[in-house]
Undergrad: 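Have a look at this one.
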Number of protein chains: 2
Amino acid sequence: MNKAAGAMSYDELRGAIAQRHRALSGRLQQIAEFVLDHPTDVALGTVAEVAQRSGVPPSAIVRFAHALGFGGFTEMQQVFRSRLVAGVAPSYKARLARMKSQEKSVLGRQPAAVLSRFVSEAQSALVTLSQSVHARELDAATAILAKARDIYLLGLGGSFPVAIHLAYVLRKLGRRVVLLDGTGGSIHEQSHAATTEDALVAISFRNYYPDTARLFPELVARGVPTISITDSLLSPIVEGASVVFEIQDMPEPALRTLVAPMCLVQALAIGLDLAAD
Amino acid sequence: MNKAAGAMSYDELRGAIAQRHRALSGRLQQIAEFVLDHPTDVALGTVAEVAQRSGVPPSAIVRFAHALGFGGFTEMQQVFRSRLVAGVAPSYKARLARMKSQEKSVLGRQPAAVLSRFVSEAQSALVTLSQSVHARELDAATAILAKARDIYLLGLGGSFPVAIHLAYVLRKLGRRVVLLDGTGGSIHEQSHAATTEDALVAISFRNYYPDTARLFPELVARGVPTISITDSLLSPIVEGASVVFEIQDMPEPALRTLVAPMCLVQALAIGLDLAAD
DNA sequence: TAGTAGATGGAATGAATATTCTAATCTCAC
DNA sequence: GTGAGATTAGAATATTCATTCCATCTACTA
């Protein structure tokens, strides 16, 4: 009770339980062992469930929480839940905490602090990327690109740098690329020659550029095989796509670094080249 | 409802939501977007909490679950919880080990291995970036940009995506930007109006694009304050520059991910914006 | 313009849940 | 063996929660 139990992290809680274990009564010791062994059950279960699985009456569970300085089971459960969210989304939590603490301080506005913030954000974006992209999708995408006569690239607005970069790399590798950039008129005309023998790589993040949303379905309807890189399964370039890469947690347009999509398209291009031999 | 919703995995559920999204009513679409973006909130929250955060009445949440074939919110929540449980199981170390082993295996040419290689390369590029860029340079660069009437951006060839991205962000923040891209003729003409009141951000990596090497000294000679982002102190855009950011260890053109320079320009732009207030 | 089918929001309901309370039990010292 | 203090189990309670129901609103059709 020497610490405000509400603000405890999961690891701190483990330490506290281990430390007090000897001083607890028999039943409470039994519960202590159970919760350390089954943290997930505690995080998601009800008092009754935890009680049954650990073989004690429900009231004992509540007494256990009290003994640790919590106001009740629900309060203790929050700590166990924090472990779950930390495990699945390291980026989200870290980013939020960072933003909150730095954004408003004077130090946080200095360019050096801004840079380190973007760097760490980019780091977690990369971790998320490598976790969320599966081999199956990459293989399918590579196969599509390998068969394509011309590769059409569609990425406007904030996604344009990614499209440009992919165009650059693919051309370096000797592929025929048509970059749909809308220069000098209609994007529709630029894409007019695309057929089922070609392929389209579409890149779009919120807010989805209107031209992208308009052109994409047309090409899909014409039977052009399509690879989509986007931030949500609900984006306008998902339906009808042959392969979808979903990059989650993209920050708002002005703040995004494009690190993850840049890395992905790079891997696509190089992977295509290596697979060709 | 073609599938027993109870036995659905999280990924299957995501697919199902994406697939039916268009067929759903307005409110239900809104909820679909929220739950795909905030799966953790759904996994751990109550109906009332999810309802409040997504800005809909609680009953709509339940109707959403029904529309997906679940018996109610609680049933749907189980699927979101399974994601959390799965997330903790494979430890961080195990994931890292898997990446390492993939890297060196015979299958190193498979797209998935290529991606993980680029990801880890990008990671170390970011570390190098944050170590090699110093606060003094960032402050100086920010000061130059803050005083500039128009900001000229010069980045051709492989660096073009970086220039485009910087242009995009700066414009979003309300800055006047001239992107020297050479469309429709001479880059010299595009840069003709640049004066000592303006500023130039030049980005160039090996092999240095000829036009960049030619134009840069001209602008320097005209007294335009200049920020250079490059990979060597011997590059043609170093001499005469007001501030130089040297990004070391850039891979060869076709293999570079541009992660480090993208991050840097992002930090410059946002740092400029934050310092302005 | 009137009518209809569907969607929506909010209050009502009933179930499930955490917590509290009290009588019973156990432990240990004498 | 007996009594005091702590500990426990289970019933009682009060709260929170998911769900349902219905009146209202909206969009589309005739």
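Keep in mind that the numbers below use all heavy atoms, side chains included, and drop hydrogens, waters and symmetry copies. The sequence lines fix the lettering, A, B, ..., with proteins before strands; numbering per chain opens at 1.
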Undergrad: Taking only side-chain nitrogens and oxygens of A/Thr74, does any of them come within less than 4.0 Å of OP1 or OP2 of C/dT19?
TA: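 The answer is yes; a side-chain N or O of A/Thr74 sits under 4.0 Å from OP1 or OP2.
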Undergrad: For the pair A/Arg214 and A/Asp211, find out whether any cationic side-chain nitrogen is under 4.0 Å from an anionic carboxylate oxygen.
TA: yes
Undergrad: Identify which nucleotide among C/dG9, C/dT19, C/dT20 has an atom closest to any side-chain atom of A/Pro58, counting heavy atoms from C-beta outward.
TA: C/dT19
Undergrad: Counting only heavy atoms and a strict 4.0 angstrom limit, can you tell me which residues of residues 48-56 of chain A come near DNA chain C?
TA: A/Ala48
Undergrad: I want to verify a distance call: between C/dT19, C/dG10, C/dA7, whose nearest atom is closest to the B/Arg63 side chain?
TA: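 When the side chain of B/Arg63 is considered, C/dA7 is the closest of C/dT19, C/dG10, C/dA7.
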Undergrad: Taking heavy atoms of chain A and a 4.0 Å limit, find me the 5'-most and 3'-most nucleotide of DNA chain D within that range.
TA: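 Range of nucleotides touched by chain A: D/dT7 to D/dG10.
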Undergrad: Just call it for A/Thr46: base, sugar-phosphate, or nothing, with non-hydrogen atoms closer than 4.0 Å on any strand.
TA: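 Sugar-phosphate contact only.
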Undergrad: For A/Ser159, check side-chain contact (heavy atoms from CB on, under 4.5 Å) against everything at least two apart and list the hits.
TA: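 So A/Ser159 forms a side-chain contact (heavy atoms from CB on, under 4.5 Å) with A/Ile203, A/Phe205.
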Undergrad: Counting just side-chain N and O atoms, does A/His66 come under 4.0 Å of either OP1 or OP2 of C/dT19?
TA: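 Checking C/dT19 against A/His66, no side-chain N or O comes under 4.0 Å of OP1 or OP2.
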Undergrad: List in chain and number order the residues that pass salt bridge (Lys or Arg N to Asp or Glu O under 4.0 Å) with A/Glu137, two or more places apart in sequence or in another chain; answer none if no residue qualifies.
TA: none
Undergrad: Tell me every residue that passes side-chain contact (heavy atoms from CB on, under 4.5 Å) with B/Ala167, counting only those two or more places apart in sequence or in another chain.
TA: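 By the side-chain contact (heavy atoms from CB on, under 4.5 Å) rule, B/Ala167 matches B/Leu153, B/Arg171, B/Val177, B/Leu179.
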Undergrad: Who pairs with B/Gln30 by side chain to side chain donor-acceptor pair (under 3.5 Å), at least two apart in sequence or on another chain?
TA: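 B/Gln30: side chain to side chain donor-acceptor pair (under 3.5 Å) contacts with B/Arg27.
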Undergrad: B/Asp11: what forms a side chain to side chain donor-acceptor pair (under 3.5 Å) with it, not counting sequence neighbours?
TA: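 B/Asp11 satisfies side chain to side chain donor-acceptor pair (under 3.5 Å) with no other residue.
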Undergrad: When you measure from every atom of DNA chain D, which of residues 23-33 of chain B have a heavy atom less than 4.0 Å away?
TA: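 Hits under 4.0 Å, by residue number: none.
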Undergrad: Once salt bridge (Lys or Arg N to Asp or Glu O under 4.0 Å) is applied, do any residues pair with A/Arg149, and if so which ones, sequence neighbours excluded?
TA: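 By the salt bridge (Lys or Arg N to Asp or Glu O under 4.0 Å) rule, A/Arg149 matches A/Asp198.
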Undergrad: Run the side-chain contact (heavy atoms from CB on, under 4.5 Å) test against B/Ala32 and tell me which residues pass, sequence neighbours left out.
TA: A/Leu234, B/Ile17, B/His21, B/Leu24, B/Phe64
Undergrad: Just jot down the side chain to side chain donor-acceptor pair (under 3.5 Å) partners of B/Tyr10, sequence neighbours excluded, or say none.
TA: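 Listed in chain order: B/Arg14.
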Undergrad: Please list all pairs meeting salt bridge (charged side-chain N to carboxylate O under 4.0 Å, His left out) that have one or both residues in residues 28-48 of chain A, counting only residues at least two apart or in different chains.
TA: A/Asp41-A/Arg53
Undergrad: Quick one: are A/Leu129 and B/Leu115 in side-chain contact, heavy atoms under 4.5 Å?
TA: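 Yes. Closest side-chain heavy atoms under 4.5 Å.
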